[in-house]
Amino acid sequence: MHDRSASVDWAQYTAFGLRIASELKLPELVRSASEAIEDVVIHEADLTAWSDQLEQANFVMQGERFMFQIPGTAIFAVREGREIEVCPYPGADMDTVRLFLLGSCMGVLLMQRRILPIHGSAVVIGGKAYAFMGESGTGKSTLAAAFRQAGYQMVSDDVIAVKATTSVPVVYPAYPQQKLGLDSLLQLEALQGNKYLHSPKHRLVLTDGHPAMPQYGDLRKLTGELNKYAVPIADEFYNEPLPLGGVFELVAEASNRKFLREDELPVVTEQPLNVLGCLHTLLLHTYRRGTISRMGLGEWYFGTAARMARKVEGWRLLRSSSAFTASEIVQRVLELIHKEENSYGSH
């Protein structure tokens, strides 16, 4: 573990069930007042000696040290699930550095700690965490935001940390922030009261590079993310581990409108997933799964996903890609969970 210098102003945080000491300020995370020994240390380091090698390969493994480079931003090294070294390039945007630090680096670190990172969003329903997975653009974060508006707390957005146990898998909370596109924010009425909403002509007008959102204040645009913004959710964030209650895979399909009446809403349909279906979904939507073979974790990865698939319920939700269906999906998800709970209760 890195020998922390007393001259550095270290900040203490919690995320993904871990105590983190960081030399870099991480305003997205929950601050911790605990004096307990940290699980993870994040600090700056000179990694420029690896620049040439990293330019020829996306990733480099040096023993237990996994290294990668984001051109113009930083070189990152993740070691043994306990340490992240960051070497920002001169003039690098620190928001972008943190984006990769809290995303790709944390994904690798979780796997090094034998915690499975799932790409998706998770919310709390009935004392359990339910994960929503899918390809980019299928509405994972938008759906989680719709659940928040309905009064449900969020556990994670983008990276869901799940640990296999002898009983049910456990989800560890990430941090109180969502990444949402401006279209989703508008559709969720998060811009309610904005003067630009009254004119379709100005529907996507931004103020100084940020959307004008009275109820949130100015939101920070995420560098490198097309029209996505960081939405703080501190009041709607659940910061305790929870059992994984089930998984939902979102699939966006083009509506066949000739079969719909003019006043009819696009239908949300579900397909229950058996154990193999759950396994396929977990494997397909593992966060940064391309790094697993490079770290020699293939056997652990498949075995962990298989154990989880046997212990959770799963569904595939097919929705229209041409209409906003988040409210319909929220209702359908709650109905499915209620039905499943009643089914167990009747045995």
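None of these values were measured; they are calculated from a predicted model.
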Any chance the rings of F147 and F132 have centres within less than 6.0 Å?
yes
Do the two ring centres, one from Y172 and one from F16, sit under 6.0 Å apart?
no
Which heavy atom in [X] sits nearest to a heavy atom in [Y], and how many Å separate them?
X    : Y    : value
V97  : A92  : CG2-CB, 4.3 Å
A74  : P88  : CB-CA, 3.7 Å
A77  : M67  : CB-CG, 3.8 Å
I70  : Y89  : O-CE1, 3.9 Å
M111 : P117 : CG-CD, 3.4 Å
M308 : P169 : CG-CG, 3.8 Å

Is it the case that the side chains of S22 and Y13 hold a donor-acceptor pair, with the cut-off being a distance below 3.5 Å and no angle test?
no
For the residue pair S104 and R288, confirm or rule out a side-chain donor-acceptor distance under 3.5 Å.
yes
Against H285, only a single residue in H280, E249, H119 fulfils side chain to side chain donor-acceptor pair (under 3.5 Å); can you say which?
E249
Can you tell me if [atom1] on [X] sees more than 12 non-hydrogen neighbours from other groups inside 6.0 Å?
X    : atom1 : result
F302 : CZ    : no
N274 : CG    : yes
E55  : CD    : yes

Cluster question for you: counting only ILVMFWY and a side-chain heavy-atom cut-off of under 4.5 Å, with indirect links fine, are [X] and [Y] together?
X    : Y    : value
V247 : L279 : yes
L47  : F68  : no
M295 : L283 : yes
L26  : Y175 : yes
M94  : L102 : yes

Hey, is the main chain of [Y] close enough, under 3.5 Å, to the side chain of [X] for a donor-acceptor pair?
X    : Y    : result
R19  : I37  : yes
E44  : V86  : no
K140 : G134 : yes
K128 : G246 : no
R289 : L284 : yes
Q178 : S141 : yes
K339 : L334 : no
T138 : E135 : yes
Q69  : F76  : no

V275: hydrophobic cluster co-members (side-chain, 4.5 Å):
none
Starting from V30, walk the hydrophobic network (Ile, Leu, Val, Met, Phe, Trp, Tyr; side-chain heavy atoms closer than 4.5 Å) and list everyone else you reach, by chain and number.
F237
Flag side-chain contact, heavy atom, 4.5 Å: [X] against [Y]:
X    : Y    : result
Y130 : V333 : no
L318 : Q271 : yes
I75  : S51  : yes
Q153 : I125 : no
R114 : L297 : yes
L250 : L143 : yes
V155 : V123 : no
L101 : I42  : yes

How far does [atom1] of [X] sit from [atom2] of [Y], to the nearest 0.5 angstrom?
X    : Y    : atom1 : atom2 : value
R82  : L18  : CZ    : CG    : 12.5 Å
L282 : L244 : CG    : CG    : 8.0 Å
R98  : D95  : CZ    : CG    : 4.5 Å
Q53  : Q62  : CD    : CD    : 8.5 Å
E328 : Q331 : CD    : CD    : 9.5 Å
T142 : I329 : OG1   : CD1   : 9.5 Å

Is there a side chain to side chain contact (heavy atoms under 4.5 Å, CB included) between E83 and V78 once you walk through the steps?
CA-CA 6 Å; E83 182 179 2; V78 188; over 6 Å; no
Please walk me through it: do T286 and I118 pass side chain to side chain contact (heavy atoms under 4.5 Å, CB included)?
CA-CA 4 Å; T286 297; I118 301 297; 4.3 Å; yes
Given salt bridge (Lys or Arg N to Asp or Glu O under 4.0 Å), test R316 with E270 step by step and report yes or no.
CA-CA 5 Å; R316 179 175 293 115; E270 77 280 348; over 6 Å; no
Test the R79-F66 pair against the cation-pi criterion, namely NZ or CZ under 6.0 angstrom from the six-membered ring centroid and within 45° of the ring axis.
no
Please determine whether a side-chain nitrogen of the Lys or Arg among D157 and K179 lies less than 4.0 Å from a carboxylate oxygen of the Asp or Glu.
no
Ion pair R65/E85, N-O distance below 4.0 Å
yes
Would you please test Y301 and L116 for side chain to side chain contact (heavy atoms under 4.5 Å, CB included) and show each step?
CA-CA 8 Å; Y301 168 50; L116 189 65; 3.7 Å; yes
Run the side chain to side chain contact (heavy atoms under 4.5 Å, CB included) check on I84 and V41 step by step: do they pass?
CA-CA 6 Å; I84 300 176; V41 169; over 6 Å; no
